[in-house]
2 protein chains.
Amino acid sequence: MTLSEGAGQLPSRRIADAVRELITSGELAPGDKLPSERELARRFGTARNTAREAVRLLTEEALVTPVHGKGVFVREKQRLFRWGNDRYSRKTYRETGLTPFRLEMKRQGKRASIQAVAIDRVAPPYDVAERLGVSTDEESVIRRLNEYHADDEPVQLVTTYIRWSDAEGTLLTEPKTGPGGIHGRLEDKGHVMTTGRDEITARMPTHNEAQFLQAPSGVPVLDVLHTSFDQDGEPFEVTRFVHRADRSGLVYTFDVEP
Amino acid sequence: MTLSEGAGQLPSRRIADAVRELITSGELAPGDKLPSERELARRFGTARNTAREAVRLLTEEALVTPVHGKGVFVREKQRLFRWGNDRYSRKTYRETGLTPFRLEMKRQGKRASIQAVAIDRVAPPYDVAERLGVSTDEESVIRRLNEYHADDEPVQLVTTYIRWSDAEGTLLTEPKTGPGGIHGRLEDKGHVMTTGRDEITARMPTHNEAQFLQAPSGVPVLDVLHTSFDQDGEPFEVTRFVHRADRSGLVYTFDVEP
DNA sequence: TAGTGGTCTAGACCACCAT
DNA sequence: TGGTGGTCTAGACCACTAT
């Protein structure tokens, strides 16, 4: 392996530049192990901390992932899961019999598994209360927290909030929500989803999110706050999706008003 | 100021926990300066590098921003700019006479300014070529790169790609594109935007993007790849929007197919 | 000029992993 | 057991900011 001299002026930058060049040129392929921090330091004539700083820079760029006790590895480029505004289409569901998550997993030849983590009656967070038109002071909603996996790899965290007045005494308080799922039960209550709104932000994951999503450092999350509106234009369900941004992309198609 | 003992076991975690507690409790308000790294080290009885590591952790969480020569400051929480699928609505444009960017700036009482950085004929990047149905081997597109500012603060980087065969000999090769802007000229060429598709990912900014967007470390970008389709369903324009994720959110509303 | 963050050195010990 | 990353110490000099 050749470590050509980098263009940066700082030693840590020079090391990072040289290694980045090896990666982008393909000399170091995804999955390959980098020279150890001590080895990089030796080759470039620096202290170990300086080589370590170079590795930190590359980690922040999401090019490499350090693994304790094993080494630093070039990131695998993974195909993106794609989620979008077609995921609520009843037509797709009728034709395939699959929920959007299971459909996307099948498309990529992966096994879908969904784990219910918690179902409880809680006081909603501010942004949810605002959208559902309920109080943050009382336990006015039911919260359903689920973890979604593809071949046992974590993919997304999904938290659904429904007004307690809609959920009380229905299967919405149970792990299994019956035919048609959550939206089936909400239709029983007279809420037919007619319009949806997705509000999207990106941010770094919280500690808990990073842990569940197994997100290497330098990987942000996509945070999608979805609101469902019924035939009367009334919001009746809010769901927060948290995705690893290096594994998921979002797609929205829309008609342009003339 | 009280620096209560943190719960973490590692010294760097303990310092970070203590400072985070000061911020979330409001004892340190947005804009306030943290104790210097040397002072934190003194108070907690550690080496400076350890206090520095604590500051790095908080920076990664986007809670604080170090400023060279001045100090480390608690982040200001800023209101989000909001962009969505209504931005291509001709109706809004007719009613207000404002482009979506200028409309959002007016909504927030800020002055909009747009700076054309480059207009050149280039070979398109792979993802753009794929969507426009052109070759990556020839200079088959014109690229228009613009920087958008709100009160002189950078907000987004916008790069538009149009087939050279559509742009040749029109105002699309000039900084001023005339009435109705880019889409006005494309309508002259017979492309009326009928459908749009936005593909959204989040990632850490490249060095150049971070520099222009003045993005503090720990802040990801939202990368929106927009494709416009005309009345025949043919793609005729691709635009990449790169936003600072702590300053911008996206909103999509859509009808649900019955 | 004094104080700040930015970077670096040359060590040290620990936790984790493979053999 | 040896190699790896994770963390820490106790210094040092530089670049930037304010006075």
Side-chain angles (χ1 to χ4, degrees), chain A residues 1 5-19 28 31-75 207 210-211 214-218, chain B residues 1 5-19 28 31-75 207 210-211 214-218:
Chain A
M1 179 172 52
E5 72 292 342
Q9 295 139 8
L10 295 173
S12 56
R13 290 296 188 109
R14 277 187 43 237
I15 300 177
D17 290 347
V19 174
L28 276 173
D32 283 0
K33 195 159 92 70
L34 265 57
S36 75
E37 293 172 351
R38 289 165 177 86
E39 174 63 14
L40 283 174
R42 194 190 60 71
R43 289 199 210 175
F44 284 85
T46 69
R48 180 184 159 207
N49 272 354
T50 304
R52 189 170 168 72
E53 170 68 7
V55 171
R56 202 190 59 75
L57 289 170
L58 296 169
T59 304
E60 208 168 58
E61 292 173 36
L63 276 175
V64 302
T65 306
V67 180
H68 196 162
K70 295 184 70 174
V72 179
F73 298 85
V74 180
R75 276 279 186 77
H207 188 70
Q211 201 154 356
Q214 296 172 18
S217 54
Chain B
M1 177 173 52
E5 72 292 344
Q9 294 140 8
L10 295 173
S12 57
R13 289 296 188 110
R14 277 186 45 236
I15 301 177
D17 290 346
V19 174
L28 276 173
D32 283 0
K33 193 160 94 68
L34 265 56
S36 74
E37 292 172 351
R38 289 165 177 86
E39 174 64 14
L40 283 174
R42 196 190 58 73
R43 290 198 209 177
F44 284 84
T46 68
R48 181 186 158 208
N49 272 355
T50 305
R52 190 170 168 72
E53 171 67 8
V55 170
R56 201 190 60 73
L57 290 169
L58 296 168
T59 304
E60 207 168 61
E61 293 173 36
L63 276 174
V64 302
T65 308
V67 181
H68 195 165
K70 295 183 72 174
V72 180
F73 297 86
V74 180
R75 275 281 185 77
H207 189 71
Q211 201 156 355
Q214 295 172 19
S217 53

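Note that this is a predicted model, so its numbers are computed, not measured. First the proteins, then the strands, lettered A, B, ... as listed; each starts at 1.
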To the nearest Å, how far apart are [X] [atom1] and [N] [atom2]?
{"X": "A:R48", "N": "D:dG5", "atom1": "CZ", "atom2": "P", "result": "7 Å"}
{"X": "B:R38", "N": "D:dT9", "atom1": "CZ", "atom2": "P", "result": "15 Å"}
{"X": "B:N49", "N": "C:dG11", "atom1": "CG", "atom2": "C1'", "result": "13 Å"}
{"X": "A:H68", "N": "D:dG3", "atom1": "NE2", "atom2": "C1'", "result": "11 Å"}
{"X": "A:R14", "N": "C:dC8", "atom1": "CZ", "atom2": "P", "result": "10 Å"}
{"X": "B:E60", "N": "D:dG6", "atom1": "CD", "atom2": "P", "result": "12 Å"}
{"X": "A:E53", "N": "D:dT7", "atom1": "CD", "atom2": "P", "result": "14 Å"}

Checklist entry - Using a cut-off of 4.0 Å on non-hydrogen atoms, how would the nucleic acid contact of B:V55 be classed: base, sugar-phosphate, or nothing? => result nothing
Next on the checklist: Let's test your reading of the model: under 3.5 Å, does the base of D:dG5 pair with the side chain of A:R56 as donor and acceptor?
Outcome noted: no
Looking at [atom1] of [X] and [atom2] of [Y], how far apart are the two atoms once the value is rounded to the nearest 0.5 Å?
{"X": "A:L40", "Y": "A:T46", "atom1": "CG", "atom2": "OG1", "answer": "8.0 Å"}
{"X": "B:L34", "Y": "B:I15", "atom1": "CG", "atom2": "CD1", "answer": "11.5 Å"}
{"X": "A:E53", "Y": "A:L58", "atom1": "CD", "atom2": "CG", "answer": "10.0 Å"}

Does [X] make a side-chain N or O approach to OP1 or OP2 of [N] shorter than 4.0 Å?
{"X": "B:S12", "N": "D:dT7", "answer": "no"}
{"X": "B:R52", "N": "C:dG6", "answer": "yes"}
{"X": "A:K70", "N": "C:dC16", "answer": "no"}
{"X": "A:T50", "N": "C:dT9", "answer": "yes"}

